[in-house]
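Report on the following structure.
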Amino acid sequence: MQNLVNLLTQKTSLKKEHINNILKLLDEGSTIPFIARYRKERTGSLDEVMITGIRDRAEQLKALA
């Protein structure tokens with residue numbers, strides 16, 4: 001998972017901790033609206049569009065691996 005976080009950090013120029021937290025929350029089953037509204041402290045206040053983009057890019061990279 002750390003390689004995935006590093007790749008996403010390079011592609012998006014977001015902080016590693018925010019990407020890592022988003023991926024963890026998604027793995028735990030949290031929905032994107034929930035993450036965007038109630039976990040702003042863990043995501044750097046990213047909106048639903050950005051979180052969706054990170055999720056989609058992570059799925060693409062996982063599929064390639």
Notebook entry, point to check: With a cut-off of 6.0 Å (strictly less than), are more than 12 heavy atoms of other residues, nucleotides or ligands near OH of Y38?
Noted result: no
Check: Going from CD1 on I19 to CE on M50, what distance comes out if it is rounded to the nearest 0.5 angstrom?
Finding: 8.5 Å
Item checked: Heavy-atom pair with the smallest gap, counting every atom of V5 and K16 -> CG1-O, 3.8 Å
Checklist line | Inter-residue atom distance N20.CG - Q2.CD, 0.5 Å rounding | finding: 6.0 Å
Notebook entry, point to check: For the side-chain contact (heavy atoms from CB on, under 4.5 Å) test, which of D56, T31, I35 pairs with I51?
Noted result: I35
Check: At their closest point, which heavy atom of N21 faces which heavy atom of R42, and how far apart are they?
Finding: ND2-O, 3.0 Å
Margin query: Measuring from atom CG of L4 to atom CD of Q60, what distance do you get when rounded to the nearest 0.5 angstrom?
Written below: 11.0 Å
Next item on the list: To the nearest 0.5 angstrom, please state how far the CD1 atom of I54 sits from the NE2 atom of H18.
Entry: 10.0 Å
Next item on the list: Determine, step by step, whether L14 and L46 satisfy the side chain to side chain contact (heavy atoms under 4.5 Å, CB included) criterion, reporting the C-alpha distance in whole Å, the side-chain angles of both residues, the deciding distance to 0.1 Å, and the verdict.
Entry: CA-CA 10 Å; L14 297 172; L46 295 178; 3.9 Å; yes
Note to self: If I compare all heavy atoms of A58 with all of L8, which pair ends up nearest, and what's the gap?
What the structure shows: CB-CD1, 3.9 Å
Checklist line | From I22 atom CD1 to E17 atom CD, the distance as rounded to the nearest 0.5 Å | finding: 10.5 Å
Check: At what distance, to the nearest 0.5 angstrom, does CG of N6 lie from CD of Q10?
Finding: 6.5 Å
Next item on the list: Write down the atom of A36, the atom of E48, and the distance for their closest heavy-atom approach.
Entry: CB-CG, 3.5 Å
Check: Less than 4.5 Å apart, any side-chain heavy atom of R39 and any of L25?
Finding: yes
